[in-house]
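Shown next, in structure tokens, is the structure this report addresses.
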Amino acid sequence: MKQTLKNLFKNYGPVLDVVAHRNIRMRGQAFVSFADKETAFKAYREVKGFPLYTKPMQVSFAKTRSDAVVKKVDGESFDEHKSARLEHKKKQRWDNPHKKKARAKHNASQTEGAALAAAPKRPAVQMPDEYLPPNKILFIQNLPETATKDALENLFSQHPNLVEVRMIPTKKDIAFVEYADETSSGAAKDALHNFKLDGEQKIKITFARK
């Protein structure tokens, strides 16, 4: 996971650090640190919604600076920063509502002399791409190797209110196309789904996952 994320994000600038959590509560989450905000913002715009392991990534900015960033730009205050972060983390764990609820259940079971059985967790069912709700952003798949941003802009600009075409540098067969509203994106989707951009290969168009 860490190496995959590093290979993806290094296209936008030097990656200082990648932290991927393995515990159950934070599984599927990771933190990627860049040296400056400009690089981070560029990566945020380009990679948001990128399908990693068949699921589109949800990307947002972290609330605090990472250890790697502090060590690079403000090394003298690193120890103080790390101590404050660990103390805050410890307090959050203790005050976490889920943790409090778990402690209360545990105490109750100890008092009553019986363990509380957890309800079985229902498996998550992911909705197929074809049935996703309308979105002003379209997800384009199965693009030919010869596809370019200009070619996609020329194709999708035939339908009004085109805002932007975004291609992923590390994955040439997909792209995102944004319109001003869902009505415009829906019309373009219906008209261009299965269009043969190179005269042979049909492109697949669905609404992007929100």
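Computed from a predicted structure; not experimentally measured. Values reported hereafter were calculated over all heavy atoms of this structure, with side chains retained and with hydrogens, waters and symmetry mates removed.
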* Would you sort out whether Met57 and Val47 count as a side-chain contact (heavy atoms from CB on, under 4.5 Å), showing the intermediate values? => CA-CA 8 Å; Met57 289 195 294; Val47 178; 2.9 Å; yes

* Asked: After noting the C-alpha distance and the side-chain angles of Arg166 and Glu178, does the key distance pass the salt bridge (Lys or Arg N to Asp or Glu O under 4.0 Å) rule?
  -> CA-CA 8 Å; Arg166 298 197 299 271; Glu178 181 176 351; 3.3 Å; yes

* To do: Carefully, step by step, assess Thr4 and Asn7 under the rule side chain to side chain donor-acceptor pair (under 3.5 Å).
  => CA-CA 5 Å; Thr4 300; Asn7 290 339; 5.9 Å; no

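No hydrogens or angles considered: a donor-acceptor pair under 3.5 Å links the side chains of Asn142 and Gln201. Side-chain polar atoms of Ser33 and Asp17 form no donor-acceptor pair below 3.5 angstrom.
With rounding to the nearest 0.5 angstrom, the NE2 atom of His159 is 14.0 Å from the OG1 atom of Thr183. Taking NZ of Lys202 as the reference point, atom CG of Leu143 lies at 15.5 Å (rounded to 0.5 Å). A distance of 13.5 Å separates CD of Glu164 from CZ of Phe156, quoted to the nearest 0.5 Å. Taking NZ from Lys10 and CZ from Phe34, the interatomic distance works out to 12.0 Å, rounded to the nearest 0.5 Å. How far CD1 of Ile140 is from CD1 of Ile168: 12.0 Å, rounded to the nearest 0.5 Å. In this structure, the separation between CD on Glu145 and NZ on Lys172 is 10.5 Å, given to the nearest 0.5 Å.
Judged purely by atom type and a 3.5 angstrom limit, Ser157 uses its side chain to pair as donor or acceptor with the backbone of Glu153. The main-chain N or O of Ile205 is found under 3.5 Å from a side-chain atom of His193 such that the two form a donor-acceptor pair. Between the side chain of Ser185 and the backbone N or O of Asn135, at least one donor-acceptor pair lies under 3.5 Å. Judged purely by atom type and a 3.5 angstrom limit, Tyr12 has no side-chain atom pairing as donor or acceptor with the backbone of Tyr44.
Residues Met167 and Leu152 meet the side-chain proximity criterion, which asks for heavy atoms closer than 4.5 Å. You'll find the side chain of Val59 stays beyond 4.5 Å of the side chain of Arg45, heavy atoms only.
Cation-pi contact between Lys189 and Phe207: present, with separation from the ring centre below 6.0 Å and deviation from the ring axis of at most 45°.
The two residues Ala188 and Tyr179 have their closest heavy-atom pair at CB-OH, 3.3 Å. The minimum heavy-atom distance linking Gly49 with Pro56 is given by the pair O-CB, 3.4 Å. The two residues Ser184 and Asn161 make their nearest non-hydrogen contact at OG-ND2, 2.8 Å. The two atoms that bring Gly13 and Thr39 nearest to each other are CA-CG2, 3.8 Å, heavy atoms only.
Residue Val177 forms a side chain to side chain contact (heavy atoms under 4.5 Å, CB included) with just one option from Leu192, Leu155, Ile137, Leu162, and that option is Leu162.
Grouping the Ile, Leu, Val, Met, Phe, Trp and Tyr side chains by contacts below 4.5 angstrom, directly or via other members, places Leu138 apart from Val163.
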